[in-house]
Amino acid sequence: APMARSPFDPAFSELPRTLPIFPLSGVLLLPGGRLPLNVFEPRYLAMTRAALTGPRLIGMIQPRDADQPGPQPEVQRVGCAGRIVSFAETDDGRYLITLAGLCRFLALGELPLDQGFRRVVADWTPYAADLEPVSASVDRTRLIGALRAFFADQPVRIDWKAIEETADDRLIVSLAMLCPFEAAEKQILLEAASPSERARVMIALLESAALSRGEGDGPQVRH
């Protein structure tokens with residue numbers, strides 16, 4: 001079954017026109033995903049406080065160019081809004097928050113800075129379907145095979161049993177967010193038209209990464 005909406009989630013008509021953004025390269029939030037964040041810069045502490053007084057939404061978005069200097073790098077057109085679902089303070093003045101991915105947005109234009117943090121005019125219309133979860137169709141056999149090849153020579157322990165037991169929708173969201181893809185690849189995953197399309201893109205990314213790590217004589221099936 002698709003991931004259920006929370007009774008706290010805003011309806012489409014309640015999504016705000018103005019959204020604070022948190023530009024981070026290589027960080028992906030998807031509808032249905034959970035993203036823990038360690039907030040310590042003054043402008044993002046201010047942003048978190050401001051979000052908590054309103055609909056608790058923060059837009060995660062990637063800079064267009066990861067190496068772009070300056071405090072206000074140009075950002076991608078598409079990001080994903082997350083709702084603050086947990087919040088804690090640390091003794092040394094940081095906030096530990098978790099965002100629950102809600103809906104993607106198109107950044108139409110930027111507003112003047114507010115307490116140092118950036119805000120955009122958000123157009124939610126192209127992504128209204130994000131609020132009505134659909135089941136993803138996933139070629140699981142191929143996905144698991146691509147994952148095994150991708151992680152074959154990576155020094156990480158994978159809980160394959162947990163992966164086998166995870167529903168398609170959650171699996172695609174979790175893997176897209178967790179796999180060490182390049183920033184540009186994460187943006188492609190974010191902008192995929194549907195969960196099923198995202199699954200296909202991810203399989204292609206995993207397979208091409210495993211291939212390009214060069215096993216000279218072509219891909220090998222590992223068991």
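For reference, positions follow the sequence shown, starting with 1.
- Residue V173 comes nearest to G32 through the heavy atom pair CG1-C, 4.0 Å, listed as atom of the first residue, atom of the second, then distance.
- I172 CD1 to D169 CG: the interatomic distance, rounded to the nearest 0.5 Å, is 8.5 Å.
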Enumerate, atom names and distances included, each donor-acceptor pair closer than 3.5 Å involving a side-chain atom of residues 10-18, sequence neighbours excluded.
| unit_1 | atom_1 | unit_2 | atom_2 | d |
| --- | --- | --- | --- | --- |
| E14 | OE1 | A11 | N | 2.6 |
| R17 | NH1 | A122 | O | 3.3 |

Mind running side-chain contact (heavy atoms from CB on, under 4.5 Å) on I21 and M47 for me, showing each step along the way?
-> CA-CA 8 Å; I21 56 167; M47 176 186 71; over 6 Å; no
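- F117 pairs by the ring-ring contact (aromatic ring centres under 6.0 Å, His included) definition with nothing, not counting sequence neighbours.
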Mind running side-chain contact (heavy atoms from CB on, under 4.5 Å) on C179 and L147 for me, showing each step along the way?
-> CA-CA 9 Å; C179 283; L147 268 178; 4.2 Å; yes
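- When all heavy atoms are compared, the tightest approach of T166 to R140 is O-NH1, 2.9 Å.
- Looking at Q76 and Q62, their side chains never bring a donor and an acceptor atom within 3.5 Å of each other.
- Heavy-atom neighbours of D92 CG from other residues, nucleotides or ligands within 6.0 Å: above the threshold of 12.
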Trace of the ring pair (Phe, Tyr, Trp, His ring centres under 6.0 Å) decision for Y44 with F22 = CA-CA 8 Å; Y44 296 128; F22 197 159; 4.2 Å; yes
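- R198 approaches L189 most closely through the heavy-atom pair NE-O, 2.7 Å.
- If you take CG on L175 and CZ on F150, they are separated by 10.0 Å, rounding to the nearest 0.5 Å.
- Q115 places none of its side-chain heavy atoms less than 4.5 Å from the side chain of P42.
- The two residues M177 and L30 come nearest to each other via the heavy atoms SD-N, 3.8 Å.
- Sorted by first and then second residue, the pairs that involve residues 28-42 and meet side chain to side chain donor-acceptor pair (under 3.5 Å), not counting sequence neighbours, are N38-R94, E41-R43.
- Taking both residues in full, the closest heavy atoms of L29 and C80 are given as O-CB, 3.2 Å, listed atom of the first, atom of the second, then distance.
- Take I188 and apply the side chain to side chain contact (heavy atoms under 4.5 Å, CB included) test, not counting sequence neighbours, and it matches V201.
- Judged by the 6.0 Å distance and 45° axis criteria, R148 is positioned over the aromatic ring of W160.
- Side chain of S196 to main chain of S137: a donor-acceptor pair is present (N/O by atom type, distance under 3.5 Å, no hydrogens or angles).
- Judged by distance alone, the side chain of S212 and the main-chain N or O of A209 form a donor-acceptor pair under 3.5 Å.
- Under the side-chain hydrogen bond (donor to acceptor under 3.5 Å, both in side chains) criterion, S86 pairs with T98, not counting sequence neighbours.
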Walk me through it: do L143 and L206 pass the test side-chain contact (heavy atoms from CB on, under 4.5 Å)?
-> CA-CA 8 Å; L143 174 63; L206 290 167; 3.9 Å; yes
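- Every pair passing side chain to side chain donor-acceptor pair (under 3.5 Å) that includes a residue from residues 46-61 is listed here, sequence neighbours excluded: R49-Y95.
- Atoms CD1 and CD1, on I58 and I97 in that order, are 4.0 Å from each other to the nearest 0.5 Å.
- A salt bridge is defined here as a Lys NZ or Arg NE, NH1 or NH2 lying under 4.0 Å from an Asp or Glu carboxylate O, and R142 with E207 meets this definition.
- How far CD of E191 is from NZ of K186: 14.5 Å, rounded to the nearest 0.5 Å.
- The structure places CZ of R119 at 8.5 Å from CG of L113, a figure rounded to the nearest 0.5 Å.
- Within 6.0 Å of CZ in F40 there are 12 or fewer heavy atoms belonging to other residues, nucleotides or ligands.
- Between D123 and F105, the closest side-chain pair of non-hydrogen atoms is not below 4.5 Å.
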For side-chain contact (heavy atoms from CB on, under 4.5 Å), just list the numbers for M60 and L28, CA-CA rounded to whole Å, side-chain angles, deciding distance to a tenth of an Å, and then say yes or no.
-> CA-CA 8 Å; M60 298 304 300; L28 180 61; over 6 Å; no
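- The residues E197 and R200 are annotated as salt-bridged, a charged nitrogen and a carboxylate oxygen being separated by less than 4.0 angstrom.
- Rounding to the nearest 0.5 angstrom, the gap separating the CG atom in D9 from the SG atom in C103 is 10.5 Å.
- Contact record, L19 with A81: CD2-CB, 4.1 Å, taken as the closest heavy-atom pair.
- A salt bridge links R118 and E110; the closest N-O separation between the charged side-chain nitrogens and carboxylate oxygens is under 4.0 Å.
- Each of V78, T125, V120 was checked for a side-chain contact (heavy atoms from CB on, under 4.5 Å) with L106, and the lone residue meeting it is V78.
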